[in-house]
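Throughout, residue positions are numbered sequentially from 1 according to the sequence presented.
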Amino acid sequence: MDFGFADETASESAENAVPIVPVPKRSKDTVLEALPAVAATWVKATGYKADPGEVCVVPAADGSVDRVLLGLTASPGDMASLWDWAALPSRLPEGLYAVQDTDGEPMAACLGWALGRYRFERYKSSPDGRGQKARLLWPADVDGADVLRQASGISLTRDLINRHASDLTPAALADAALDLSSRYGAEASVIVGEDLLAQNYPAIHAVGRAADVAPRLIDIRWGDAFAPKVTLVGKGVTFDSGGLDIKPSQGMLLMKKDMGGAAQVLGLAHMIMDASLPVRLRVLVPAVENAISGNAFHPRDVLETRKGITVEVGNTDAEGRLILADALAEADSEDPEMILEWATLTGAARIALGTEVPALFSNDDDLAESMLAAGKEIEDPTWRLPLWAGYERSLASKVADTSSTGRDGFGGAITAALFLKRFVSDTTPWFHIDLMAWNTADKPGRPEGGEAMGIRAAYQMLRTRYGALK
């Protein structure tokens with residue numbers, strides 16, 4: 001994707017670029033008072049208030065653009081300005097622009113610009129081209145390669161979620177993962193259909209067997225075999241009908257996004273591999289469609305799992321935790337340094353935290369705190385909820401080792417996380433992120449549709465933990 005930066009080899013320079021003048025909220029009067037008289041008159045006439053993300057295009061006498069003002073939320077040095085910068089591309093006419101001052105945060109300025117240009121137009125016969133003609137000169141003090149890698153990882157995540165379910169089947173999701181792995185010379189394999197039973201992934205097979213496109217487990221390995229092992233796991237339900245516990249039609253409208261966890265880990269894997277982080281990366285994605293046919297699994301079926309734990313199915317619409325159980329057991333079998341897992345798992349997490357803040361659960365305080373700190377630093381938040389041991393009793397079953405859903409609907413995000421925890425050793429640091437993976441309305445840099453949540457924070461956390469980029 002073209003993120004709208006001027007070619008580094010081009011002859012353009014800041015001298016012939018239109019300046020973008022940031023107007024931080026706390027110093028806006030000082031900035032506005034320093035404008036030339038003509039510009040100040042224009043700003044006053046338009047009623048510009050320099051609200052966060054508010055753009056004012058100031059014309060020159062000949063009708064060209066003299067300068068651009070951008071209202072910022074934050075005082076200098078505060079990363080909260082990221083999404084304010086994202087307002088720029090769609091508001092600017094064609095031309096070359098240069099940021100007069102990034103307010104000490106060139107990464108926020110440039111990443112905001114790049115994400116502000118994101119469009120999903122795979123199915124458009126005539127793309128609208130909004131915000132695609134303005135180009136930005138790289139500030140002198142920014143790591144442009146890192147801006148592009150993060151923007152590309154986020155775009156990959158968004159693109160996968162935005163594809164419709166007949167386009168992004170389990171097979172197509174595997175193809176996307178294989179394409180990513182080949183780009184970076186990673187090893188990759190896919191276990192398909194009946195081979196899942198032969199290789200002891202019975203829960204993945206049970207959930208996906210009713211669909212026309214067979215279930216599969218995607219497995220990617222990359223990096224030095226002797227480096228610290230970091231394993232990513234993502235829920236890959238490419239469409240969720242609810243199974244025999246079928247959803248109402250309204251409840252299915254967004255269920256193409258139920259592979260949002262898989263999209264997160266593939267976007268994060270892109271960042272890790274592109275940055276050559278010194279880790280031994282593994283990515284596991286169980287990819288299924290939860291469909292209905294004569295061989296669909298039933299409520300109250302008892303399923304075998306890879307770990308040997310038997311599970312009574314409380315509801316076929318709680319299928320994500322079942323496929324994750326097999327994937328987590330395999331991830332844990334190699335004793336990695338950490339397992340990082342994403343899933344669009346429960347409505348309960350959305351009720352608790354809304355659609356914009358993912359819930360974070362972890363069996364390791366250091367891992368959780370480092371993730372929360374990274375998210376706060378770069379404005380990619382998660383919120384920790386407890387693995388409340390007292391709710392373990394809700395998962396009791398009279399006919400199997402555990403129920404998948406528990407006996408009541410209270411604390412649903414916690415009981416789901418407690419279920420997943422049973423498939424990870426207590427000694428393996430693990431976190432589980434329960435996320436929406438979807439923007440419900442348009443905002444600058446965050447259009448309605450698929451969204452990356454928590455992967456920038458995880459990337460930042462891994463860079464901090466395992467050293468600088470090579």
Side-chain angles (χ1 to χ4, degrees), residues 165 170 191-217 233 235-248 251-252 255 258-259 261 284-330 341 343-348 391-424 432 434:
I191 305 171
V192 182
E194 297 302 306
D195 287 343
L196 289 165
L197 293 177
Q199 298 188 45
N200 192 27
Y201 294 98
I204 297 174
H205 180 272
V207 172
R209 71 191 181 205
D212 286 341
V213 180
R216 56 207 66 210
L217 177 66
V233 178
K235 173 187 168 185
V237 178
T238 60
F239 189 78
D240 181 16
S241 69
L244 292 175
D245 287 313
I246 190 169
K247 295 177 183 287
M252 290 192 209
M255 283 302 100
D258 213 18
M259 41 60 65
L284 290 166
V285 173
V288 305
E289 179 180 344
N290 187 20
I292 301 172
S293 71
N295 67 340
F297 74 117
H298 309 87
R300 297 303 176 109
D301 276 356
V302 175
L303 303 184
E304 301 286 340
T305 66
R306 184 171 183 79
K307 195 174 179 70
I309 297 172
T310 57
V311 179
E312 181 183 13
V313 177
N315 189 307
T316 63
D317 194 21
E319 81 298 329
R321 65 197 70 185
L322 300 174
I323 64 173
L324 288 170
D326 276 358
L328 287 170
E330 171 56 22
E341 172 251 309
T344 51
L345 207 64
T346 69
Y391 295 162
E392 289 275 7
R393 63 184 180 273
S394 296
L395 293 172
S397 167
K398 292 182 178 180
V399 299
D401 296 328
T402 183
S403 167
S404 62
T405 58
R407 295 191 299 270
D408 57 50
F410 297 115
I414 297 175
T415 55
L418 288 170
F419 174 83
L420 295 177
K421 180 177 179 289
R422 297 183 175 198
F423 298 89
V424 179
H432 156 63
D434 188 339

Can you find a pair of side-chain heavy atoms, one from [X] and one from [Y], that are under 4.5 Å apart?
| X | Y | result |
| --- | --- | --- |
| L303 | T310 | no |
| V237 | V207 | no |
| D326 | P286 | no |
| V313 | R300 | no |

Open item on the list: As a test of understanding, state which of V288, V285, L328, L217 forms a side chain to side chain contact (heavy atoms under 4.5 Å, CB included) with I323.
Closed with: V288

From [atom1] ([X]) to [atom2] ([Y]), nearest 0.5 Å:
| X | Y | atom1 | atom2 | value |
| --- | --- | --- | --- | --- |
| R209 | L196 | CZ | CG | 12.0 Å |
| R321 | D434 | CZ | CG | 9.0 Å |
| L322 | T305 | CG | OG1 | 9.5 Å |
| F419 | T402 | CZ | OG1 | 6.0 Å |
| E304 | D401 | CD | CG | 8.5 Å |
| E194 | Q199 | CD | CD | 12.0 Å |

Open item on the list: Any carboxylate oxygen within less than 4.0 angstrom of a Lys/Arg side-chain nitrogen, looking at E392 and R422?
Closed with: yes

Mark yes or no for whether [X], through its side chain, and [Y], through its backbone, hold a donor-acceptor pair below 3.5 Å.
| X | Y | result |
| --- | --- | --- |
| S403 | A396 | no |
| K235 | T344 | yes |
| D301 | H298 | yes |
| R216 | A287 | no |
| S404 | G314 | yes |
| T316 | G242 | yes |

Open item on the list: Is it the case that the side chains of S241 and N290 hold a donor-acceptor pair, with the cut-off being a distance below 3.5 Å and no angle test?
Closed with: no

TODO: Establish, from distance only, whether the side-chain atoms of N315 and T405 form a donor-acceptor pair under 3.5 Å.
DONE: no

TODO: Take atom CG of D212 as the centre, draw a 6.0 Å sphere, and report whether it contains more than 12 heavy atoms from other residues, nucleotides or ligands.
DONE: no

Closest approach of [X] to [Y] (non-hydrogen atoms, all atoms of both residues):
| X | Y | result |
| --- | --- | --- |
| P215 | I204 | CB-O, 3.9 Å |
| A210 | S293 | O-OG, 3.1 Å |
| L284 | A327 | CD1-O, 3.6 Å |
| F297 | A206 | CD2-O, 3.6 Å |

TODO: Check the pair D317, I246 against side chain to side chain contact (heavy atoms under 4.5 Å, CB included), reporting the backbone distance first and the verdict last.
DONE: CA-CA 7 Å; D317 194 21; I246 190 169; over 6 Å; no

Open item on the list: Apply side chain to side chain contact (heavy atoms under 4.5 Å, CB included) to residues V424 and H432 and explain how you reach the verdict.
Closed with: CA-CA 11 Å; V424 179; H432 156 63; over 6 Å; no

TODO: Determine, stepwise, if the pair F239 / M259 fulfils side chain to side chain contact (heavy atoms under 4.5 Å, CB included).
DONE: CA-CA 7 Å; F239 189 78; M259 41 60 65; over 6 Å; no

- [ ] Tell me, with the steps shown, if L418 and L395 meet side chain to side chain contact (heavy atoms under 4.5 Å, CB included).
- [x] CA-CA 9 Å; L418 288 170; L395 293 172; 4.1 Å; yes

